[in-house]
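Right, one structure below, let's go through it.
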Amino acid sequence: MSSRSPTAALRHISSRTYRSHLERTAESLRSKDIYKAKLIAVSSATPDLRIFTLTLLDQFSRWTKFRAGQWVDVWVPSPSATMPGGFTVLSPPALLPRLQLAIQAAPQNPPAAWLFQDKSLIVGKELMVRFGGSFTFPPSDREVELEELEHIVFIAAGVGINPLLSMLQHFKQHPPNEKAKVSFLFSIRPPVPKPYMDVLSALPAGILRLFITASGEVAQPHHRRRMTVADISAVLQGFPKDKTLVYICGPPRFTDEFVDTIGIPSSRVLTERWW
């Protein structure tokens, strides 16, 4: 691990064209607490997607602040990884002190490259993690009357589903009120990772709308096309706009296409862009 402190690394913003996680999130909310964590399990969901299970060590307590939807800064014990990587948390807060991260292969990203070594070389190693981000459920950056909420709509593309699955699981464990409904729209190229479908397939019929954007076998009911504004408008119908909350997460082109065109006030739409 680099000798540079996490705080110093956050201030060290590169002038390269490639923008690192720290550069893209320099103004984002971050916890002051940094936790030791042990990597206890690694599984392959697809050839280029791994699921990592970490457990927070002696610094963990019930006061640990982690909100569903947040990401983590992750420092790995590699001299080539002088700054942390940023990875979204798949698991809900109720799973603490364990965390599950779904991480896509990215050889140009030193922390991700270290995590994609042979599993036998990394399981059991200690990492450092810090929670960050304001893309959360319940929202942490705006006023929302949870007791009046009637509809929550999750819209994801690719690995943008990660924070939304954390939110979805938290919603199921701690519904904001008795009447709130949920809709989930997901666009992805196959194969669909099993850890994603393990959560989504448990939803009652009619909640999930799955869009498959390339050829390949998919067992779940789906649309073989891209998601459109009309698809989102269809699930929004019948619910008052001021009692609806929409989360959109995915690549910038995906989020930007929908955020201004779905007819919901911007104060009721939360977005996060992942590269």
Side-chain angles (χ1 to χ4, degrees), residues 1-2 4 6 9-10 12-28 30 34 37-54 69-91 99-123 125-133 135 156-166 186-196 213-214 216 248-256 271-275:
M1 183 177 293
S2 169
R4 177 182 294 148
L10 185 60
H12 180 71
I13 301 301
S14 166
S15 61
R16 300 187 310 270
T17 301
Y18 168 76
R19 299 183 68 215
S20 69
H21 163 68
L22 282 186
E23 290 172 314
R24 292 194 301 267
T25 62
E27 302 302 320
S28 297
R30 276 180 165 83
I34 298 173
K38 178 178 285 190
L39 179 56
I40 60 174
V42 181
S43 61
S44 296
T46 69
D48 62 353
L49 183 74
R50 283 183 170 185
I51 307 299
F52 298 83
T53 303
L54 287 68
Q70 286 191 303
W71 37 258
V72 283
D73 295 327
V74 178
W75 286 266
V76 300
S78 169
S80 64
T82 57
M83 291 189 293
F87 307 112
T88 46
V89 181
L90 188 63
S91 53
L99 296 172
Q100 286 186 325
L101 312 180
I103 300 177
Q104 202 161 29
Q108 77 282 6
N109 179 339
W114 185 89
L115 289 164
F116 269 77
Q117 296 180 93
D118 186 276
K119 299 172 188 177
S120 64
L121 299 176
I122 60 176
V123 171
K125 298 292 187 181
E126 287 191 8
L127 315 176
M128 303 290 287
V129 301
R130 172 174 56 192
F131 298 111
F135 183 68
V159 294
I161 194 175
N162 293 344
L164 302 190
L165 287 184
S166 176
F186 181 33
S187 176
I188 190 172
R189 295 173 60 90
V192 182
K194 183 179 182 298
Y196 295 169
T213 61
I248 308 176
C249 188
R253 287 182 62 184
F254 176 86
T255 57
D256 295 347
T271 64
E272 187 151 272
R273 297 164 176 82
W274 280 91
W275 283 255

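Every value quoted in this text rests on a predicted model; they were computed, and no experiment measured them.
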Exercise. Out of curiosity, Asn162 CG to Ile51 CD1, how far, rounded to the nearest 0.5 Å?
Worked result: 7.0 Å

For this session: Take Thr88 and Val159 through the test side chain to side chain contact (heavy atoms under 4.5 Å, CB included) and record every step on the way to the result.
Result: CA-CA 9 Å; Thr88 46; Val159 294; over 6 Å; no

Seminar exercise, completed: The residue among Leu90, Ile122, Leu127 that forms side chain to side chain contact (heavy atoms under 4.5 Å, CB included) with Phe52 is Ile122

Problem set entry | Heavy-atom donor-acceptor pair, Ser44 side chain to Arg50 backbone, under 3.5 Å | no

For this session: Could you tell me which non-hydrogen atom of Leu49 sits nearest to which non-hydrogen atom of Ala102, and how far apart they are?
Result: CD1-C, 4.1 Å

Exercise. What closest approach, in Å, do Gly250 and Thr255 show between heavy atoms, and which atom pair accounts for it?
Worked result: N-CG2, 3.5 Å

Exercise. To the nearest 0.5 Å, how far apart are CZ in Phe116 and CD in Gln104?
Worked result: 7.5 Å

Exercise. When rounded to the nearest 0.5 angstrom, what distance separates CD1 in Ile40 from CG in Leu99?
Worked result: 9.5 Å

Problem set entry | Check: Gly133 main-chain N/O paired with Gln70 side-chain donor or acceptor under 3.5 Å | yes

Problem set entry | Between CZ on residue Arg24 and CZ on residue Arg273, distance to nearest 0.5 Å | 12.5 Å

Seminar exercise, completed: Value for NZ (Lys194) from OG (Ser43), rounded to nearest 0.5 Å, stands at 9.5 Å

For this session: Could you give me the CA-CA distance, side-chain angles and deciding distance for Trp75 and Arg130, then say whether side chain to side chain contact (heavy atoms under 4.5 Å, CB included) is met?
Result: CA-CA 9 Å; Trp75 286 266; Arg130 172 174 56 192; 3.5 Å; yes

Problem set entry | Heavy-atom closest contact (Gly158 atom, Phe186 atom, distance) | O-CE1, 3.4 Å

Problem set entry | Within 6.0 angstrom of Lys119 NZ, more than 12 heavy atoms from elsewhere | yes

Exercise. Considering all heavy atoms of both residues, which atom of Pro193 and which atom of Thr46 are nearest to each other, and what is their separation?
Worked result: CG-CG2, 3.8 Å

Exercise. What distance do Leu39 atom CG and Glu126 atom CD have between them, rounded to the nearest 0.5 Å?
Worked result: 11.0 Å

For this session: Show the numbers, then the answer: is there a side chain to side chain contact (heavy atoms under 4.5 Å, CB included) between Leu101 and Val74?
Result: CA-CA 11 Å; Leu101 312 180; Val74 178; 4.3 Å; yes

Problem set entry | Nearest atoms (heavy-atom pairs only) where Pro190 meets Gly216 | CG-CA, 3.9 Å

For this session: Taking the side chain as every heavy atom from C-beta outward, state whether Leu164 and Phe135 have any pair of such atoms under 4.5 Å apart.
Result: yes

Problem set entry | Nearest atoms (heavy-atom pairs only) where Pro195 meets Ala45 | CD-CB, 3.8 Å

Exercise. Does any N or O in the side chain of Asp73 come within less than 3.5 Å of the main-chain N or O of Pro84, such that one atom is a donor and the other an acceptor?
Worked result: no

